[in-house]
Amino acid sequence: MTAPRDLAQGTIPAAAFGAPETPPRAPRTRRPIVDLRLVAEPRSIRHVLRLLRPRLRDVSAPDAADHAELVLAEVLNNIAEHGYCGAGGPISLRIRHRLQQLDITVADAGRPISAGLFAHLPTGPRPPSRPTAAADPQLPEGGFGLGIISHLSASRRYRRHLGQNVLRLRLHSEGGMPQPQHGHCPQDPEK
Amino acid sequence: MNLHASTLGGHLLIEVEDDRIDASVAIRFKDRVRELARDSSGPVLLDLAQVGFLDSSGLGAIVAIRKLLGNERPLGLIGVGGMVEKVFRLTRMDSVFPIYPDRASALAAPPAPDLAGAGAP
């Protein structure tokens with residue numbers, strides 16, 4: 001156990017010298033709140049998400065914690081299914097909480113994904129807004145995941161680095177939905 | 001993935017006794033519902049009251065169940081709240097499934113209109 005660096009070096013708060021109070025920059029927030037490795041397999045993903053739930057709730061508004069859990073489920077299962085093609089493999093997951101945001105970094109050594117996939121995320125398959133025939137064979141059964149990630153995250157950055165996929169997502173930790181960056185309202189009569 | 005099936009006012013009522021419908025159970029969930037539906041007829045009610053978490057795989061399974069039941073057998077949902085409701089809204093699947101606040105209103109609801117012939121515009 002090492003003490004936070006500021007403490008170890010005996011830093012004196014600026015306020016002690018009469019300097020204006022600045023919001024404390026807690027060193028603690030720079031440490032990841034989550035830093036773990038898991039196997040890209042649906043059962044272990046389920047297990048890890050269960051464990052993370054209270055941790056996310058500690059630092060986020062309840063609905064923001066829900067959003068983070070759902071985004072993580074989509075990202076991790078996507079890696080399991082498409083990155084490792086169901087064969088399993090390591091995923092590292094790191095989450096930092098700072099400035100009312102959750103910074104999520106997910107790395108895996110699976111197949112490279114197209115960077116464009118995240119640069120131009122669709123808003124997901126959507127059924128027609130008119131009433132749909134109940135068992136319409138064209139109803140999508142998949143492809144919801146990317147739309148969910150896109151809707152619930154404020155930003156996404158992907159890069160391929162040293163044989164790894166590295167995905168960085170930013171989510172608000174104070175609740176509310178991020179404003180969509182594109183798309184249109186379903187009620188918009190012009191569209 | 002435990003499911004509890006019973007008959008209620010001519011409906012097949014299926015209660016999901018799991019707090020998550022996610023990628024690790026989605027296929028089994030779909031297969032189990034398929035088996036239960038095969039041994040019965042009439043409308044189906046899926047009670048999700050115990051489900052607190054639904055991901056895209058779980059949603060895909062519910063859509064697949066909707067499709068395998070066919071147009072003759074309505075599928076209604078009850079006990080949809082919190083995060084589960086949000087997922088339905090986010091993907092606009094709330095416009096595809098009749099969602100009822102409770103069993104009584106699901107049973108009292110008039111049969112869904114048959115839109116099979118509505119077709120594409």
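Chain naming here is simple, since letters A, B, ... match the order of the sequence lines and numbering starts at 1 in each. Quick caveat: nothing in here was measured; it's all calculated off a predicted structure.
Put simply, Val106(A) and Val39(A) are part of two different groups of oily side chains (I, L, V, M, F, W, Y) that touch within less than 4.5 Å, one to the next. In terms of hydrophobic clustering, with Ile, Leu, Val, Met, Phe, Trp and Tyr side chains grouped at heavy-atom distances under 4.5 Å, Ile14(B) and Ile27(B) are assigned to different clusters. A continuous path of hydrophobic side-chain contacts links Leu76(A) to Leu36(A) [ILVMFWY only; heavy atoms under 4.5 Å]. No path of Ile, Leu, Val, Met, Phe, Trp and Tyr side chains, each step under 4.5 Å between heavy atoms, connects Ile79(A) with Val166(A), placing them in separate hydrophobic clusters.
To the nearest 0.5 Å, the span separating NZ on Lys86(B) from CD1 on Ile148(A) amounts to 12.0 Å.
His151(A) has its side chain out of reach of Thr91(B): every pair of non-hydrogen atoms, C-beta onward, lies at least 4.5 Å apart. Under the 4.5 Å side-chain criterion, counting only non-hydrogen atoms from C-beta, Arg20(B) is in contact with Leu49(A).
The shortest heavy-atom contact between Lys67(B) and Leu139(A) is NZ-O, 2.6 Å.
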For this session: Please report the C-alpha distance between Asp22(B) and Ile45(A) in whole Å, then the side-chain angles of each, then the deciding distance to 0.1 Å, and finally whether the side chain to side chain contact (heavy atoms under 4.5 Å, CB included) criterion is met.
Result: CA-CA 10 Å; Asp22(B) 61 17; Ile45(A) 292 167; over 6 Å; no
For this session: Before giving the answer on side chain to side chain contact (heavy atoms under 4.5 Å, CB included), spell out for Met83(B) and Asp63(A) the whole-Å C-alpha distance, their side-chain angles and the decisive distance to 0.1 Å.
Result: CA-CA 8 Å; Met83(B) 199 52 200; Asp63(A) 64 333; over 6 Å; no
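In this structure Arg43(A) satisfies the side chain to side chain contact (heavy atoms under 4.5 Å, CB included) test together with Glu41(A), Ser24(B), Arg28(B), sequence neighbours excluded.
Ion pair Arg66(B)/Glu141(A) not flagged as a salt bridge, since none of the NZ, NE, NH1 or NH2 atoms sits closer than 4.0 Å to an Asp/Glu carboxylate oxygen. With salt bridges taken as basic N to acidic carboxylate O contacts below 4.0 Å, none links Asp19(B) and Arg53(A).
The local environment of CZ in Arg57(A) is crowded, with over 12 non-hydrogen atoms from other residues, nucleotides or ligands closer than 6.0 Å.
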What pairs of donor and acceptor atoms, side-chain ones from residues 42-61 of chain B against any protein atom, are under 3.5 angstrom apart with sequence neighbours left out?
from, atom 1, to, atom 2, distance (Å)
Asp47(B), OD1, Ala49(B), N, 2.9
Asp47(B), OD2, Arg103(B), NH2, 3.1
Asp55(B), OD1, Ser57(B), N, 3.0
Asp55(B), OD1, Gly58(B), N, 3.0
Asp55(B), OD2, Ala23(B), N, 3.2
Ser56(B), OG, Glu74(A), OE1, 2.5
Ser56(B), OG, Glu74(A), OE2, 3.4

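Both the backbone and the side chain of Asp66(A) come within contact range of chain B, with heavy atoms under 4.5 Å apart.
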